[in-house]
Amino acid sequence: MNRIIMHIDVNNAYLSWEAVYRLQMGEKTDLREIPSVVGGDEQSRHGIVLAKSNPAKKYSIQTGEALYTARKKCPNLVVVPVRYELYMMCHNAMTNILHDFSPNVQVYSIDEAFLDYTGMENIHGDPVEAAYKLKNRIKTELGFTVNVGISSNKLLAKMASELKKPDMVNTLFPDEIKEKMWPLPVRELFMVGPATAPKLYRLNIFTIGDLAQANPELLQYHLKSWGKLIRDYANGIENSPVSADARPPIKGIGNSTTIPFDVDSADEARKVLLSLCEMVGMRLRQAGYCAKLVSVYLRNTNLTGKSHQRKFATATDDTYQIFNRASQLMEEMWTGEALRGMGVHVSDLVPNDLFQISMFEPLNERRRRLDKSIDQIRMKYGPKSVIRSVFVNSGLAPITGGVIEDFKMMSSIL
DNA sequence: TCTGGGGTCCTAGGACCC
DNA sequence: TCTGGGGTCCTAGGACCC
């Protein structure tokens with residue numbers, strides 16, 4: 001059966017949302033009309049561009065680049081701080097509108113969603129007309145613009161929404177692939193990233209059309225299974241379902257941070273690790289899992305990183321035990337070089353309702369009860385209502401990392 | 001005061017087993 | 001006195017996405 005899939009993508013999401021908020025607060029200038037970016041905090045060394053206005057784009061400012069270099073490109077650049085709670089509100093408001101057009105909406109990220117319109121023609125009419133209605137409702141009711149892509153699968157719908165911006169409805173049905181998608185640079189295809197593109201150039205593949213018609217064996221030889229995937233995509237072949245609720249079971253939980261200053265003492269490194277483990281542990285318990293595998297990531301001042309992991313015999317959701325394991329891993333790998341960033345990741349998850357208290361760790365149950373009580377206090381009074389004394393006057397955050405509350409994590413998988 | 005943080009999946013090599 | 005071969009698990013690193 002032929003499906004009708006829409007992909008909805010907010011134009012310059014963080015920046016647009018901030019602009020709309022400021023206009024509502026009575027500000028006169030619209031950030032979308034001047035060179036502006038949403039940027040991280042430079043004092044704490046998080047100074048990168050998270051979103052940019054179209055005028056900023058004209059200075060070839062890139063998402064992810066340092067604010068320092070962005071300012072060099074455009075000295076009068078306006079930089080505004082991030083405001084995740086606002087983005088979450090805008091996201092929720094948009095998602096509500098999408099649900100008026102179909103019950104089957106898959107939230108893909110904070111600013112993107114897929115909508116299965118199949119069978120909805122009887123209620124909302126022609127898909128293109130419905131897409132205009134949807135787009136215009138978001139614009140008039142919420143104040144920001146979106147792009148809508150329409151096709152017969154998620155990949156093509158997503159490629160369609162990129163075709164022409166902003167505030168547009170684009171179609172990319174299979175019979176339009178040759179004309180609309182094949183002339184595009186191969187780098188613009190979903191899943192062709194900064195590593196794959198140069199490999200394709202060396203094979204004389206420069207456009208999506210080149211890739212679509214390339215020799216499958218050649219691609220298989222140079223790019224393994226990746227070659228088949230992207231060649232299929234270039235031909236518009238993809239058939240994953242729009243899965244509304246199905247939050248796939250989580251595979252792992254990780255938190256990482258760039259530390260406000262370089263860390264070269266073991267004592268400080270352990271504190272950073274502990275603050276990360278606090279968040280990982282809390283999230284793990286809230287998700288209802290215990291983890292067997294613990295992984296520690298260290299990033300030095302050259303920005304090169306390395307990781308070290310181990311699978312432990314027992315699964316745990318105990319902050320202190322996660323911290324002990326992480327410390328052990330850190331000691332084994334750390335040569336003492338100054339650290340700019342650190343991360344803790346746990347995986348190999350088992351549901352914690354089957355948790356067995358290890359015979360070798362009699363304190364386990366007591367500590368788990370303590371963790372649980374602290375979680376409850378922190379959820380009620382805020383994450384900083386209970387902190388460990390080692391962090392007082394340390395210059396380090398007592399709890400580090402976090403995800404937006406109740407937000408389905410995005411994934412690079414359609 | 002230059003370069004974030006959250007994910008998922010894949011691959012390659014070594015260890016180990018039969 | 002020339003040593004297979006297939007399978008699984010483990011670990012590190014790399015690819016992509018927003």
Side-chain angles (χ1 to χ4, degrees), chain A residues 7 9-10 12-14 38-51 61-73 79 81-82 84 87 91 107-113 154-155 158 161-162 187 189-199 223-230 233 247-262 276 279-280 283 287 292-313 329 332-333 340-348 400-404 407-414:
Chain A
H7 178 252
D9 191 348
V10 179
N12 307 335
Y14 289 4
V38 174
D41 175 42
E42 286 169 295
Q43 266 77 23
S44 59
R45 308 204 294 187
H46 290 63
I48 62 156
V49 173
L50 293 156
I61 289 169
Q62 309 286 327
T63 299
E65 81 170 299
L67 290 174
Y68 176 85
T69 60
R71 279 204 196 82
K72 281 200 165 169
K73 293 176 182 173
V79 181
V82 289
Y84 287 109
Y87 310 154
H91 164 85
V107 170
Y108 184 68
S109 74
I110 196 163
D111 66 336
E112 287 182 38
K154 285 158 72 177
L155 181 273
K158 186 161 166 57
S161 69
E162 296 287 317
R187 178 66 178 82
L189 183 67
F190 182 71
M191 286 290 161
V192 175
T196 303
K199 292 181 193 168
L223 297 162
K224 307 287 177 327
S225 63
W226 202 252
K228 176 169 168 42
L229 178 82
I230 59 177
Y233 282 4
R247 187 194 304 229
I250 52 166
K251 302 288 168 56
I253 292 174
N255 282 112
S256 60
T257 190
T258 294
I259 309 153
F261 47 89
D262 290 342
L276 289 162
M279 181 54 80
V280 169
R283 291 177 59 200
K292 280 188 179 168
L293 188 71
V294 178
S295 173
V296 171
Y297 173 79
L298 303 180
R299 194 182 206 200
N300 65 25
T301 48
N302 315 323
L303 300 169
T304 54
K306 57 183 172 181
S307 66
H308 185 42
Q309 63 180 48
R310 185 174 302 134
K311 192 175 176 174
F312 292 85
L329 291 164
E332 289 168 6
M333 74 188 297
R340 182 188 173 88
M342 302 180 72
V344 174
H345 192 270
V346 298
S347 53
D348 218 323
T400 300
V403 286
I404 303 171
F407 185 65
K408 295 179 186 178
M409 272 322 296
M410 44 190 131
S411 111
S412 61
I413 306 307
L414 290 178

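Residue numbers begin at 1 in each chain, while the letters A, B, ... track the order of the sequences.
- Remark: side-chain polar atoms of A:S109 are paired, donor with acceptor, to backbone N or O of A:D111 under 3.5 angstrom.
- Distances shown here put a side-chain N or O of A:S256 below 4.0 Å from the OP1 or OP2 atom of B:dG6.
- Nearest to the side-chain atoms of A:I48 among the listed nucleotides B:dG4, C:dA15, B:dG5 stands B:dG4.
- Across all strands, A:G40 comes closer than 4.0 Å to no nucleic acid atom at all (heavy-atom distances).
- We find that CD1 of A:I230 is positioned 11 Å from C1' of C:dA15, with the value rounded to whole Å.
- As a whole-Å value, the separation of A:D111 CG from C:dC17 P is 14 Å.
- Considering only side-chain N and O atoms, A:T63 lies nowhere under 4.0 angstrom from the phosphate OP1 or OP2 of C:dC18.
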**Item:** Base-pair map of DNA chain B as dot-bracket, where | denotes pairing with a different strand and pairs are Watson-Crick or G-U under 3.5 Å
**Value:** ....||||||||||||||
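- Residue contacts for A:K158: at a heavy-atom cut-off of 4.0 Å it reaches the sugar-phosphate backbone alone, with no base atom in range.
- When side chains are defined from C-beta on, A:H46 counts as touching A:T257, because their heavy atoms get closer than 4.5 Å.
- For the pair A:N302 CG and B:dT3 P, the interatomic distance rounds to 14 Å; values are reported in whole Å.
- A residue-by-residue look at A:T69 and A:L276 shows that A:T69 has its nearest nucleotide of DNA chain B further toward the 5' end.
- Here A:R299 reaches the OP1 or OP2 of B:dG4: one of its side-chain N or O atoms lies under 4.0 Å away.
- Between the side chain of A:R187 and the backbone N or O of A:V192 there is at least one donor-acceptor pair closer than 3.5 Å.
- Judged by distance alone, with hydrogens and angles left aside, A:Q43 brings a side-chain donor or acceptor within reach of the base of B:dT1, the pair sitting under 3.5 Å.
- An OP1 or OP2 oxygen of B:dG5 is reached within less than 4.0 angstrom by no side-chain nitrogen or oxygen of A:N255.
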**Message:** Return a single string for nucleotides 9-14 of chain B, one symbol per nucleotide in 5' to 3' order, where B is base contact, S is sugar-phosphate-only contact and - is none, cutoff 4.0 angstrom on heavy atoms.
**Reply:** SSSS--
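- When the C1' atom is used for both B:dC16 and C:dG4, the distance is 16 Å, rounded to whole Å.
- Using a 4.5 Å heavy-atom cutoff, the side chains of A:L329 and A:M333 are not in contact.
- Counting to the nearest Å, the P atom of B:dG6 and the OH atom of A:Y297 are 12 Å from each other.
- Contact between the side-chain N/O atoms of A:T258 and the OP1/OP2 oxygens of B:dG5 is found at a separation under 4.0 Å.
- Comparing A:H345 and A:Y68 by the nucleotide of DNA chain B whose heavy atom lies nearest to each, the residue mapping closer to the 5' end is A:Y68.
- A perpendicular orientation is assigned to the rings of A:Y14 and A:Y84, their planes being inclined by more than 60° (bins at 30° and 60°).
- Within 6.0 Å of the NZ atom in A:K228, the count of heavy atoms belonging to other residues, nucleotides or ligands does not exceed 12.
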**Request:** Quick one: do A:T400 and A:M342 satisfy side chain to side chain contact (heavy atoms under 4.5 Å, CB included)? Show the steps, please.
**Result:** CA-CA 10 Å; A:T400 300; A:M342 302 180 72; over 6 Å; no
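- Taking atom OH of A:Y108 as the reference point, atom P of B:dG6 lies 18 Å away to the nearest angstrom.
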**Prompt:** Should A:R71 and A:V79 be marked as a side chain to side chain contact (heavy atoms under 4.5 Å, CB included) after you check the CA-CA gap, both sets of side-chain angles, and the distance that decides it?
**Reply:** CA-CA 9 Å; A:R71 279 204 196 82; A:V79 181; 3.9 Å; yes
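- Across the protein-nucleic acid pair, A:L67 atom CG and B:dT3 atom P stand 8 Å apart, rounded to whole Å.
- Taking side-chain N and O atoms only, A:R340 has a distance below 4.0 Å to OP1 or OP2 of B:dT3.
- Within 4.0 Å of A:T257, counting heavy atoms only, lie sugar-phosphate atoms of the nucleic acid but no base atom.
- In this entry the distance linking OH of A:Y233 with P of C:dA15 reads 18 Å, nearest Å.
- Listed for the A:H345 side chain is no donor-acceptor partner under 3.5 Å among the backbone atoms of A:S295.
- For A:Y68, the OH atom is loosely surrounded, since the number of other residues' heavy atoms within 6.0 Å does not exceed 12.
- Summarising the geometry, the separation between CD1 on A:I61 and C1' on B:dC2 is reported as 14 Å, rounded to the nearest angstrom.
- Atom NZ of A:K292 is surrounded by 12 or fewer heavy atoms from other residues, nucleotides or ligands within 6.0 Å.
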